[in-house]
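Before any comments, here is the structure.
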Amino acid sequence: MQNIHSIIAGKPVASPLAPFDKIYPATGEVIAQIEPATDEMLDMAVQQALSAQQAWAARPAFERARILNNIARLMAEKNEILAEAEVRDVGKLYSEAVSADVPSGAEAFEFFASLCATYHGTAHKWGDQMAYTMRVPLGVCAGIGAWNYPVQVACWKAAPALAAGNSFILKPSEETPLTANLLAEIFAEAGLPDGLFSVLHGDHIIGQAICQHPRIAKISLTGGVDTGRLIMAQSAASLKKVTLELGGKAPLLVFDDCNFDLAVQTAMDANFYTAGEVCSNATRIFVQDTLKERFISAMIEKTAQMQVGDPMNPKMQMGAMISDAHLQKVLADVNAAEAEGATLCFGGRRLFPEGMENGFYMQPTILTECHDDMACVRNEIFGPVMSVLSFADEDEAIARANNTEFGLGAGIMTENLGRAHRVADRLQAGNVWINSYNLIPPGLPFGGSKQSGIGREGSIYALEAYTEVKATFIQL
Ligand code: NAD
């Protein structure tokens, strides 16, 4: 069986610590053993990162851009290999991984390559004195990843960090270690100098050591809200800069002047894509009461046609969930919702697809008759479970949509242009989608307000977060 080593300065490094299992979510089989990194390995990665970083930052920006573009090209060439590994990591559909996860990672490199050489500072003149500012890299940056989009999470963090002249250490989720090592190989093949990108495997123990390491300047986490709090606290002693991409409980407001079919499909995509394991998913569907019965019937009819099973089978619309423990947690959340008075209109049960009976599958699930104070409406479930609520008018919908500690995404379905912008303006969320959902083209910032996080990824704001401003004053 394959042993998954950490990669430091381009080379696999064996760990003396006991390995743990990597399970393929689609079948429940153990497919690899992960060797957790030690503190000594972390020191080694940081030393390599420190010595490689200054030469990297000193290179002309267009040379860095060329290497980042090479990475994007190689990722596109190896799309199928990466996508297959992503499926073995996450259990999500191959059709999703090959069309969204890998391309979106590659596009991050293309996008930040295009900014490298034009990321300038400012110049100032006071009388006969002058000053200028530059954005300078932070040094060694680290990324700690969630398990739902391992390739995208790695690339959205590594690409701006490297573009800005930093070195980068990645700790992927312990549930999804496979693609990180493939990315390390691709980066090396693309010409990225050794030491600039290392991968440390393991769970929160090595994660905590990364946060506490005095020579790491910045941490970017994608994970749960509680983990975000821990990361900030652990990083406080060394005053690291932190970017936190955390959880959500986003609303989708469906007004009675919407395009009905589009709204039904959008609500389903915003809940069942990647088996609902998407942080920005619109898991609170607010439907205007005049539309409610027709909307729910249409959703049940379409959801009942969804095929769930082998993620490599192109006929499937939903693959497996990440783990047995997570599946059990989501099923328990559905039971709790029923106990609180929600109506289980569709789904809610575990599935055992033929030949893959030990995989972690469940039905796409629709809960109706929900109320704002129910746990299924307040808390992130992170599975294919939507809660449907109804509202009478715009003001009520906005107030209830905003009545949450989260603020990652929000969506509006309406054909009324004025309403679309008026409502978008009042929704408290980092990303608002009108007549669409979860679309994040390269260059658009992504991230949350309130408890959903700090900072943004995927845009010039990410480059800002991996640099700091330095002012130089000149007495002429
Ligand atoms: P998690 O918070 O359990 O783990 C995330 C990462 O943090 C893992 O790599 C884990 O090993 C590490 N970690 C855990 N405790 C740590 C500690 N004390 N110190 C350092 N590292 C630690 O999250 P998950 O279960 O992997 O992912 C699901 C969560 O991620 C959901 O809440 C989801 O909403 C969120 N998420 C957010 C985004 C976003 O961009 N906003 C994207 C995807 C997922």
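For the numbers below, each heavy atom of this structure counts, side chains included, while hydrogens, waters and symmetry mates do not. In each ligand, atom 1 is the first atom listed, and ligand 1 is the first ligand listed.
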| Could you state the interatomic distance from CD1 (Ile210) to CD1 (Ile144), rounded to the nearest 0.5 Å? | 5.0 Å
| field | Distance filter under 4.0 Å to Gly247 heavy atoms, resulting ligand 1 atoms | value | 32 (O), 34 (O)
| field | Atoms of ligand 1 close to Gly224 [distance to a heavy atom under 4.0 angstrom, numbered from 1] | value | 1 (P), 2 (O), 23 (O), 29 (C), 30 (O), 32 (O)
| message | Going by the closest heavy atom to atom 21 (N) of ligand 1, which one wins out of Ile231, Asp203, Val153? | response | Ile231
| Checking Lys450 side chain against Thr404 main chain: does a donor-acceptor pair fall under 3.5 Å? | yes
| Protein contact of atom 28 (C) of ligand 1 - nearest heavy atom, named by residue and atom, plus distance | Phe382 CE2, 3.6 Å
| Ligand-side contact atoms (ligand 1) for residue partner Thr222, heavy atom cut-off under 4.0 Å | 5 (C), 36 (N), 37 (C), 38 (C), 39 (C), 40 (O), 42 (C), 43 (C), 44 (C)
| note | min-distance protein heavy atom vs atom 25 (O) of ligand 1 -> Trp147 NE1, 2.8 Å
| request: Measure the shortest side-chain to side-chain distance between Leu344 and Leu367 over non-hydrogen atoms and say whether it is less than 4.5 angstrom. | output: yes
| Are any of the N/O atoms in Gly145 less than 3.5 Å from those in ligand 1? | yes
| query | Can Ser173 be said to touch ligand 1, with heavy atoms closer than 4.0 Å? | reply | yes
| query | Ignoring hydrogens and geometry, is there a side-chain-to-backbone donor-acceptor pair from Lys249 to Asn379 under 3.5 Å? | reply | yes
| Enumerated ligand 1 atoms positioned under 4.0 Å from heavy atoms of Gly207 | 19 (N), 20 (C), 21 (N)
| query | Do Tyr466 and Lys241 have side-chain heavy atoms sitting under 4.5 Å apart? | reply | no
| request: Could you tell me whether Lys92 sits above the aromatic face of Tyr149, with NZ or CZ closer than 6.0 angstrom to the six-membered ring centre and within 45 degrees of the axis? | output: yes
| Check ion pair Glu189-Lys78 (N to O, under 4.0 angstrom) | yes
| remark: closest protein heavy atom to atom 16 (C) of ligand 1 is His204 CB, 3.4 Å
| Salt bridge flag under 4.0 Å for residues Lys157 and Glu457 | yes
| Which of the numbered atoms in ligand 1 are below 4.0 angstrom from a heavy atom of Gln208? | 19 (N), 20 (C)
| Relative to each other, are the rings of Phe446 and Trp433 parallel, tilted or perpendicular (30° and 60° limits)? | tilted
| Main-chain N/O of Asp101 paired to Gln152 side chain as donor or acceptor, under 3.5 Å | no
| Identity and distance of the protein heavy atom lying nearest atom 1 (P) of ligand 1 | Thr227 OG1, 3.6 Å
| note | If you scan protein heavy atoms around atom 19 (N) of ligand 1, the nearest is Gln234 NE2, 3.0 Å
| field | 4.5 Å side-chain heavy-atom contact, Leu252 and Tyr437 | value | yes
| field | Side-chain donor/acceptor of Ser15 to backbone N/O of Pro36, under 3.5 Å | value | yes
| request: Between Gly223, Ala142, Cys279, flag the one that comes closest to atom 42 (C) of ligand 1 by a heavy atom. | output: Cys279
| Under 4.0 Å from any heavy atom of Asn148, which atoms of ligand 1 are there? | 43 (C), 44 (C)
| field | Identity of the nearest option to atom 10 (C) of ligand 1, non-hydrogen atoms only, from Arg456, Gln152, Glu174 | value | Glu174
| Quick one: which ligand 1 atoms are inside 4.0 Å of a heavy atom on Ala146? | 26 (O), 27 (O), 30 (O), 44 (C)
| request: May I ask you to test the Met75-Val102 pair for a side-chain heavy-atom distance under 4.5 Å? | output: yes
| request: Identify the protein heavy atom lying closest to atom 31 (C) of ligand 1, giving its residue, its atom name and the separation to 0.1 Å. | output: Glu380 OE1, 3.4 Å
| Per-atom contacts of ligand 1 with Leu408, taking only distances under 4.0 Å to non-hydrogen atoms | 41 (N)
| task | With heavy atoms only and a cut-off of under 4.0 Å, state how Phe446 meets ligand 1: side chain, backbone, both or neither. | result | side chain
| query | Considering Leu246, Val278, Ile144, which one's heavy-atom position lies nearest to atom 41 (N) of ligand 1? | reply | Leu246
